[in-house]
Amino acid sequence: MKKIFGLISAAALCGMLLCSCGGKGSAESAQDLLKTAKESGAAFEELVSVEGSDIKFTYELEESWYEDFAAEAAGNMAFADEIVFVKASSDENISKIQSALETRVKSRKDTLQSYAPAEYDKLCKSEIKTNGDYIYLIVGADAKTAQKAVEKAF
């Protein structure tokens, strides 16, 4: 009898654990989501990976704010194209990450407004999106196509 009760309790516990893992956010990694955006059919200028200390320098993100990160930006700063996925480490950090990405977009707009109007327009059409714990930004001539592919991946 004790064994049956133990098995039933263990099964119930496993069920509760599985249910608590579902729902919020994506099972995909930030790198997988970035790959989905790039392979969506949308065209981007030549993108290079943003890694290591460049994350803090480029996006002003503190390491403690996120648990997963993937970004690529145009290798030539005269282009605005950029894809960024950040998984917040807590609900409190979501707004901090959004603010940092807003600052990044504003800075790029200020830089490109006077000498690259087409690139400035890409930034004006860009949106910072949130899905669960993920905050992301896709900037490109056909960013909507990439966004649709990413939304399906979530």
Side-chain angles (χ1 to χ4, degrees), residues 14-113 115-154:
C14 287
M16 288 188 296
L17 289 173
L18 288 173
C19 289
S20 68
C21 292
K24 192 173 183 183
S26 171
E28 301 282 330
S29 71
Q31 192 62 46
D32 290 338
L33 292 166
L34 186 137
K35 184 178 177 185
T36 297
K38 286 179 63 176
E39 293 177 352
S40 67
F44 293 98
E45 294 299 326
E46 184 178 333
L47 298 173
V48 296
S49 184
V50 180
E51 301 172 340
S53 62
D54 289 339
I55 296 169
K56 183 167 175 60
F57 174 76
T58 304
Y59 299 103
E60 298 182 17
L61 295 173
E62 297 295 330
E63 241 180 278
S64 63
W65 294 356
Y66 61 90
E67 63 182 57
D68 197 8
F69 176 91
E72 292 188 10
N76 181 336
M77 294 304 292
F79 295 104
D81 297 46
E82 187 165 1
I83 305 170
V84 184
F85 288 92
V86 186
K87 184 175 184 182
S89 59
S90 69
D91 288 344
E92 296 80 38
N93 291 327
I94 291 173
S95 62
K96 293 176 186 177
I97 295 167
Q98 287 172 324
S99 179
L101 292 180
E102 288 167 2
T103 299
R104 167 71 175 170
V105 170
K106 183 185 180 323
S107 172
R108 296 294 291 140
K109 282 180 178 178
D110 291 346
T111 301
L112 296 170
Q113 183 175 14
Y115 74 90
E119 299 305 307
Y120 175 78
D121 288 344
K122 287 180 190 177
L123 288 161
C124 289
K125 293 176 184 174
S126 69
E127 296 177 67
I128 297 165
K129 301 251 187 188
T130 303
N131 190 317
D133 293 337
Y134 276 97
I135 304 89
Y136 63 99
L137 168 68
I138 301 173
V139 180
D142 190 18
K144 294 287 183 202
T145 298
Q147 285 177 349
K148 286 178 185 174
V150 166
E151 287 168 7
K152 288 180 184 176
F154 275 111

A quick test of your reading: do over 12 heavy atoms of other residues, nucleotides or ligands sit less than 6.0 Å from [atom1] of [X]?
| X | atom1 | result |
| --- | --- | --- |
| Y115 | OH | yes |
| K109 | NZ | yes |
| E45 | CD | yes |

With no hydrogens and no angle check, is any side-chain donor or acceptor of [X] less than 3.5 Å from a backbone partner on [Y]?
| X | Y | value |
| --- | --- | --- |
| R108 | M77 | yes |
| Y134 | A30 | yes |
| S89 | W65 | yes |
| T103 | S99 | yes |
| E72 | I83 | no |
| S49 | E51 | no |

About how many Å separate [atom2] of [Y] and [atom1] of [X], when rounded to the nearest 0.5 Å?
| X | Y | atom1 | atom2 | answer |
| --- | --- | --- | --- | --- |
| I135 | I128 | CD1 | CD1 | 10.0 Å |
| I138 | K129 | CD1 | NZ | 9.0 Å |
| K38 | F44 | NZ | CZ | 9.0 Å |
| E60 | I55 | CD | CD1 | 13.5 Å |
| L101 | Y136 | CG | OH | 12.5 Å |
| Q113 | T111 | CD | OG1 | 10.0 Å |

[X] versus [Y], closest heavy-atom pair with distance:
| X | Y | result |
| --- | --- | --- |
| A37 | V150 | CB-CG2, 3.8 Å |
| A153 | L33 | CB-CD2, 4.0 Å |
| D81 | G140 | OD2-CA, 3.9 Å |
| A78 | A116 | O-CB, 4.2 Å |
| A74 | L47 | N-CD2, 3.5 Å |
| G75 | V48 | CA-CG2, 3.9 Å |

Given the rule in the side chain to side chain contact (heavy atoms under 4.5 Å, CB included) test, do D68 and V86 qualify, once you have shown the distances and angles that lead to the verdict? CA-CA 6 Å; D68 197 8; V86 186; over 6 Å; no
Would you mind reporting whether [Y] and [X] have side-chain heavy atoms less than 4.5 Å apart?
| X | Y | answer |
| --- | --- | --- |
| L61 | Y66 | yes |
| I97 | I94 | no |
| V84 | F69 | yes |
| E46 | N76 | no |

Take V139 and L137 through the test side chain to side chain contact (heavy atoms under 4.5 Å, CB included) and record every step on the way to the result. CA-CA 7 Å; V139 180; L137 168 68; 3.7 Å; yes
Side chains of Q98 and T130, donor plus acceptor under 3.5 Å: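 Yes, T130 and Q98 have a side-chain donor paired with an acceptor closer than 3.5 Å.
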Quick one about S90 and E92 (side-chain donor to acceptor, distance below 3.5 Å, no hydrogens or angles considered), yes or no? yes
SB check [X] [Y] (cutoff 4.0 Å):
| X | Y | value |
| --- | --- | --- |
| D110 | K106 | yes |
| R104 | E82 | yes |
| K56 | E62 | yes |
| E151 | K148 | no |

Determine, step by step, whether F85 and D32 satisfy the side chain to side chain contact (heavy atoms under 4.5 Å, CB included) criterion, reporting the C-alpha distance in whole Å, the side-chain angles of both residues, the deciding distance to 0.1 Å, and the verdict. CA-CA 10 Å; F85 288 92; D32 290 338; over 6 Å; no
Side chain to side chain contact (heavy atoms under 4.5 Å, CB included) between K87 and E28, intermediate numbers included: CA-CA 10 Å; K87 184 175 184 182; E28 301 282 330; over 6 Å; no
